[in-house]
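Below, read A as the first sequence line, B as the second, and so on, with proteins coming before strands; counting in each chain starts at 1.
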Amino acid sequence: MSKRTEIQTILEDFKPRVGQELTVMGWVRAFRSNRFIALNDGTSMGTLQVVVDFEQIPEDVLKQISFHACIKATGKLVESQGAGQDVELLADTVEILGAANPEEYPMQPKVQSLEFLREKAHFRMRTNTFSAVFRIRHGIAYAVHKYYNDNGYFYMHTPIITGSDAEGAGEMFRVTNLDISNPPRTEEGEVDFKEDFFEKPTNLTVSGQLQAEIGALALGKVYTFGPTFRAENSNTSRHLAEFWMIEPEVAFYDIFDNMDLAEDFCKYLINHILENYSAELEFLDQRIQNLEKNMPKNERRAMGLIETLRFVVDNDFERITYTDAVNILRNSKPYKKGKFEYDVEWGKDLQAEHERYLVEKKFQKPVIVRDYPASIKAFYMRMNDEQEGVPGKTVAAMDVLFPGIGEVIGGSQREERLDVLKTRMADMNVHEEELWWYLELRKFGGAPHAGFGLGFERMVQFITGMGNIRDVIAFPRTPGNAEF
RNA sequence: GCCUCAGUAGCUCAGCUGGUUAGAGCGGCGGACUGUUAAUCCGUAGGUCAUAGGUUCAAGUCCUAUCUGAGGCGCCA
């Protein structure tokens, strides 16, 4: 394959290349007037105009220049006579690398619904919307590593297969190589996992946190960034059975340090995209505006996408306690008018409608809620001292709530006191034998520490403005769907 | 898992209270067009109305079941 010049390289710095003979390769976005090809190679939002002379190009080649056909074109880069672009390539030769017969190819040069494109996951990345989303997705992933590396954290790989089912984050996927239609049985008739690969029941991980704590209590500051699996039968626009989660875990951090980290980290990620993917953001912003043009005003976003991102970066997140939240909600208009479907009562978890009120109506910016009732939170969260005006026991837990998405981060200061932890585990029916190593971390050289989990796709959703989480991961896994 | 809505041409949709041969735009195909920018213009072919039953003289339209999709809720990241 001869050398190609990437289209983004040409577009961002065309001046020194004018007059040069170049080869480009990419997918046809449009073929106008039998003469002008808009060519995109995925390197950016932009297209390079390739101009062909029908007297120079064989007719069978010309005929195959159709939507999303892959071509190679060689010619001279010149300043464009047309108004829409700075430069264009006058093609001496055009080669069809991969034709795309329009009579059979399902993609069309027009706006197609996200639902339809979801069924064409192998082609949807070629569209403006999805190529923008996936370039930004990469950008966020890169920024995650850059942020932690620049701040002295170590990237830690926690296991995908776990032998513990006490991680307390929902239903798990069983991992086994037993013959499930005829598994070996014990004398009592139970499935005999002694015969299984690991000689015990194992599952796909629902969180790397417990292992990350091991890292934090040795390396000080660590983070994980890997796939996470939940076998919940969740059918919503913000849940996946397989998703990516970022979990920093930091020794000597308390809940307040944890909140500072969460806020700073979110802002860094958003800033990185604002600074490096403005063309993609502008496209997505425009896309949403076009979509909302036909909607009633009250269903439209209060701010544009870029405006929202700037606003989040420029303003402090609101920080309140769970008890504050309950008081605010009980004094709110919708509560008094009986508009909430679920009651607000100290000790009950906040429902999505309550969180949405706090974030979208009351504060109109990200909100960090902390100090939740102990009874509704996981065993490893640190028990708070009793506080005045608070009716029950609380733990140092925190949720970061974003507009439109809800919970993006869930975290806590961890319980480092062995006796308190043991009591909590007993109360919540978590077996000590399974987590003996977790307890020994407290017994030997323990330290106060804290951390959180950030749902990567939810952050991608927020930054791209995509409404459905299935449209920010290349191959979504949801109940009843594992195609591609 | 629960609730609601939807499934008509390749795509997006129209088809009023059941009533002749099922419509449009875009896309495709054929043609015109060598400075276009969602190119334009002319012509043309596409449909077991999701599937299976049922009601009726008559069903795209009503009823039942199933499948698929979307939105909301719960679980959470």
Asks: Rounding to an integer number of angstrom, what distance separates B/G46 and B/G72 when you compare their C1' atoms?
Replies: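 Pairwise C1' distance, B/G46 against B/G72, rounds to 37 Å.
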Asks: By nearest heavy atom, map A/Gln49 and A/Lys110 onto RNA chain B; which one lands nearer the 5' end?
Replies: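 Result: A/Lys110.
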Asks: Can you figure out which of B/C33, B/C76, B/G35 approaches the side chain of A/Asn34 most closely?
Replies: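 Of B/C33, B/C76, B/G35, B/C33 is nearest to the side chain of A/Asn34.
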Asks: Please report the distance separating the P of B/G18 from the corresponding atom of B/A59, rounded so that it comes out in whole Å.
Replies: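 Result for the P pair: 13 Å, nearest Å.
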Asks: Is there a donor N/O on one and an acceptor N/O on the other, under 3.5 Å, for the side chain of A/Gln81 and the base of B/G35?
Replies: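 Checked by distance alone, the answer is yes.
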Asks: Within the modelled atom types, does a donor on one side and an acceptor on the other bring the side chain of A/Glu353 and the base of B/G72 under 3.5 Å apart?
Replies: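 No pair found.
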Asks: Nearest to the side chain of A/Arg356, heavy atoms from C-beta on, is which of B/C76, B/G35, B/C73?
Replies: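 Closest nucleotide to the A/Arg356 side chain: B/C73.
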Asks: Which one, B/C73, B/U12, B/U36, comes nearest to the side chain of A/Phe116?
Replies: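 Among the listed nucleotides, the one closest to the side chain of A/Phe116 is B/U12.
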Asks: Is there a stack between A/Phe243 and B/A77, judged by ring centres under 5.5 Å and planes under 30°?
Replies: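 Stack criterion met.
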Asks: Between A/Arg414 (side chain only) and A/Gly451 (backbone N and O only), is there a donor and an acceptor less than 3.5 Å apart?
Replies: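 Checking the backbone N and O of A/Gly451 against the side chain of A/Arg414, a donor-acceptor pair under 3.5 Å is found.
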Asks: Checking all strands, does A/Ser80 fall into the base, sugar-phosphate, or nothing category for heavy-atom contacts under 4.0 angstrom?
Replies: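 Base contact.
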Asks: Say you pick atom C1' in B/G1 and the same atom in B/A45; how far apart are they, in whole Å?
Replies: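 Taking atom C1' in both B/G1 and B/A45, they lie 47 Å apart.
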Asks: Quick one: does A/Leu284's side chain get under 4.5 Å of A/Val133's, heavy atoms only?
Replies: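 In contact.
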Asks: Can you tell me if the side-chain N/O atoms of A/Gln112 get under 4.0 Å from OP1 or OP2 in B/U12?
Replies: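 No, because none of the side-chain N or O atoms of A/Gln112 sits under 4.0 Å from OP1 or OP2 of B/U12.
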Asks: Which part of the nucleic acid does A/Gly82 contact within heavy-atom distance under 4.0 Å: base, sugar-phosphate only, or nothing?
Replies: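 Base, at least one base atom sits under 4.0 Å.
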Asks: Counting side-chain heavy atoms from CB outward, which of B/G35, B/C76, B/A77 is closest to A/Glu407?
Replies: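 Selected nucleotide (nearest to the side chain): B/A77.
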Asks: Within the structure shown, what part of the strands sits under 4.0 Å from A/Thr236 by heavy-atom distance: base, sugar-phosphate, or nothing?
Replies: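 Base contact - A/Thr236 has a heavy atom under 4.0 Å of at least one base atom.
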Asks: On the side chain of A/Gln108, is there an atom forming a donor-acceptor pair with the base of B/G10 - under 3.5 Å, no angle test?
Replies: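 Yes, a donor-acceptor pair under 3.5 Å.
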Asks: Give a yes or no answer on whether the side chain of A/Tyr155 reaches the backbone of A/Phe225 with a donor-acceptor pair at less than 3.5 Å.
Replies: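 Side chain of A/Tyr155 to backbone of A/Phe225: a pair is present.
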Asks: Are A/Gln8 and A/Thr43 linked by a side-chain donor-acceptor pair shorter than 3.5 Å?
Replies: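 Distance-only check fails for A/Gln8 and A/Thr43.
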Asks: Let's test your reading of the model: under 3.5 Å, does the base of B/U36 pair with the side chain of A/Gln85 as donor and acceptor?
Replies: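 By the distance-only test, yes, there is a pair.
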Asks: Kindly say whether, by distance alone, the side chain of A/Arg32 makes a donor-acceptor pair under 3.5 Å with the base of B/C33?
Replies: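 In this structure, the two groups form no donor-acceptor pair.
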Asks: So, under a plain 3.5 Å distance rule, would you say the side chain of A/Ser234 forms a donor-acceptor pair with the base of B/C76?
Replies: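 There is none.
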Asks: Pick the P atom in B/G74 and in B/G27, then give their distance to the nearest Å.
Replies: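 The same atom, P, in both gives a distance of 42 Å.
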Asks: Both A/Arg238 and A/Asp53 contact RNA chain B. Taking the nearest nucleotide for each, which residue is further toward the 5' end?
Replies: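 First, find each residue's nearest nucleotide; the 5'-ward one identifies A/Asp53.
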Asks: Counting just side-chain N and O atoms, does A/Arg458 come under 4.0 Å of either OP1 or OP2 of B/C76?
Replies: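 No, A/Arg458 has no side-chain N/O under 4.0 Å of OP1/OP2 on B/C76.
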Asks: Side-chain N or O of A/Arg470 less than 4.0 angstrom from OP1 or OP2 on B/A70?
Replies: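 A/Arg470 to B/A70 OP1/OP2: side-chain N or O found under 4.0 Å.
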Asks: Of all the choices, B/U12, B/C73, B/A39, which nucleotide is nearest to the side chain of A/Ser33 once you look at every atom?
Replies: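 Within the option list, the nearest is B/A39.
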